[in-house]
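Note sheet for the following structure.
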Amino acid sequence: MAREAVYQQSDPEKSAADGGGDPPVDGEGNVVASNTPDPHDSSLRPRRMDEMVGQRDVIEKLKIAIDAAQGRGEPLGHILFDGPPGLGKTTFATVIPSEMGTTVQMANGAGIRAPKDLLPYLTNLGEGSVLFIDEIHRVPKPVEEYLYTAMEDFRIDIVLGEGVNARTLNYDLKPFTLIGATTRAGMLSAPLRDRFQIREHLGWYSLEDLCEIVQRNSVKLNLPVDDDSAEVIADRSRSTPRMANNRLLWVRDYAQSKAGGKVTADICEAALDMIGIDNLGLDKQDRGYLDTLMRIFAGGPTGLDAIAHTMNVSSDTLEDEVEPFLLRSELIVRSRRGRMATQKAYRHLKKTA
Ligand SMILES: Nc1ncnc2c1ncn2[C@@H]1O[C@H](COP(=O)(O)OP(=O)(O)OP(=O)(O)O)[C@@H](O)[C@H]1O
Ligand SMILES: [Mg+2]
């Protein structure tokens with residue numbers, strides 16, 4: 001049976017603040033945790049592949065790859081996960097080493113500013129162990145070049161000195177698996193992308209899968225939740241497990257303080273209404289956007305900047321945080337002439353065009 005993975009995590013922000021210093025290392029040279037993960041997140045995060053819900057095709061392919069690698073006694077091929085936030089990239093990166101019975105070091109692309117920040121991770125690698133680099137698109141080009149030979153030949157070439165005195169030191173690494181995660185696959189350079197043997201895109205979760213996640217997590221939280229309640233939470237979670245977990249945790253607080261700990265569909269609705277989450281999963285800012293577009297700009301088409309100025313928020317916030325879900329929910333459309341509200345948006349806000 002596979003052992004639990006040993007989690008070794010460094011704090012990317014701290015490393016960055018330190019000028020990208022070395023990750024903290026314990027007496028045996030293992031990179032150790034320097035930040036405390038969110039207790040709720042870690043208690044709800046699946047620890048084994050079988051505990052994961054949805055993403056069945058991805059799980060099936062990974063199981064085959066893990067099985068084959070273990071059969072050959074080789075490390076698993078490098079894996080790249082891409083997809084929007086909260087869909088399970090980090091979760092996959094922690095359950096895979098568990099399944100393989102190996103250790104994992106966690107790094108963040110934002111914390112690796114120079115090759116010297118990457119070296120401790122590479123030299124700490126054990127045979128067949130996993131290096132997880134989150135936000136791998138943020139790794140700068142000079143560091144990326146070290147990854148090429150590390151990934152392909154399990155070797156790094158360090159140049160010492162300068163000019164005519166320069167010498168190259170070849171350092172052999174233990175065969176390992178790199179798992180990369182990114183929300184911006186398009187920002188990865190082709191040479192890096194092509195060095196991942198397995199590439200998986202994580203897509204949105206179905207309502208059924210989200211209900212199952214809510215049900216399973218309610219058991220972990222010791223909070224009985226019936227099917228109708230799970231459906232209300234799933235409905236308002238934007239097809240994203242992380243949101244389903246956050247909504248569930250809020251419902252638990254609300255039920256504890258207002259209903260003696262009992263959860264019903266009505267309690268879930270009241271709890272989520274209270275924090276401004278409606279039945280499509282829109283929050284106050286999303287509805288504010290639609291209201292501005294419909295009321296001030298007669299439903300559009302209008303430019304993003306005009307909406308942003310009127311709402312007094314930055315256009316980046318709207319473009320990155322608000323519009324993707326409104327577009328996905330078919331509440332707005334983007335055309336060359338600007339943003340427009342759809343009939344569905346008018347019906348949802350009970351307004352007439
Ligand atoms: N397939 C799944 N089954 C059950 N729970 C899941 C699944 N995927 C994700 N989760 C839950 O959602 C939470 C967020 O997932 P995770 O941290 O893996 O997302 P991510 O893709 O790494 O997001 P980010 O891009 O923001 O880093 C996890 O803590 C876990 O509890
Ligand atoms: Mg993550």
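Both ligands and their constituent atoms are indexed starting at 1 by order of listing.
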Per-atom contacts, ligand 1 versus P241 - under 4.0 Å to a heavy atom: 6 (C), 8 (N), 9 (C), 10 (N), 11 (C), 12 (O)
Please work out whether the ring planes of F196 and H78 are parallel, tilted or perpendicular, with thresholds of 30° and 60°. perpendicular
Which ligand 1 atoms does T90 reach within 4.0 Å, using its non-hydrogen atoms? 17 (O), 18 (O), 20 (P), 22 (O), 27 (O)
Salt bridge or not for E135 and R138, using N-O below 4.0 Å? yes
Indicate yes or no: at least one non-hydrogen side-chain atom of L125 is less than 4.5 angstrom from one of F154. no
Would you say ligand 1 has an N or O under 3.5 Å from any N or O of G88? yes
Show the atoms of ligand 1 that are less than 4.0 angstrom away from any heavy atom in Y205. 1 (N), 2 (C), 7 (C), 8 (N)
Based purely on interatomic distance, does V53 place a nitrogen or oxygen under 3.5 Å from a nitrogen or oxygen of ligand 1? yes
Of R242, M243, R216, the one whose closest heavy atom lies nearest atom 12 (O) of ligand 1 is R242
Decide, yes or no, whether a salt bridge links D194 with R199 under the criterion of side-chain N to carboxylate O below 4.0 Å. yes
What atoms of ligand 1 come within less than 4.0 Å of a heavy atom belonging to N245? 11 (C), 12 (O), 30 (C), 31 (O)
Can you tell me if CZ on R184 sees more than 12 non-hydrogen neighbours from other groups inside 6.0 Å? no
Any G86 heavy atom less than 4.0 Å to ligand 1: yes
Nearest non-hydrogen contact with atom 21 (O) of ligand 1 belongs to which option: Q55, M52, K89, R56? K89
What atoms in ligand 1 come closer than 4.0 Å to a heavy atom of P85? 23 (O), 24 (P), 25 (O), 26 (O)
Quick check on contacts: which atoms of ligand 1 are under 4.0 angstrom from a heavy atom of T183? 25 (O)
Do the charged groups of D209 and R56 touch, with an N to O distance under 4.0 Å? yes
Any N or O of E51 that comes nearer than 3.5 Å to an N or O of ligand 1? no
Against the six-membered ring of Y148, is R195 placed for a cation-pi contact (under 6.0 Å from the centre, within 45° of the normal)? yes
Atoms of ligand 1, numbered as shown, that sit under 4.0 Å from any heavy atom of L44: 31 (O)
If you count heavy atoms of other groups shown closer than 6.0 angstrom to NZ of K262, is the number above 12? no
If you draw a 6.0 Å radius around NZ in K174, do more than 12 non-hydrogen atoms from other residues or ligands fall strictly inside? no
Is the closest heavy atom of P46 to ligand 1 under 4.0 Å? yes
Any N/O/S atom, side chain or main chain, of T91 closer to the Mg ion (ligand 2) than 2.8 Å? no
Within the distance-only criterion (no hydrogens, no angle test), does the side chain of S239 pair as donor or acceptor with the backbone N or O of W204 below 3.5 angstrom? no
Only heavy atoms of T91, strictly under 4.0 Å: list the atoms of ligand 1 that pass. 9 (C), 15 (O), 16 (P), 18 (O), 28 (C), 30 (C)
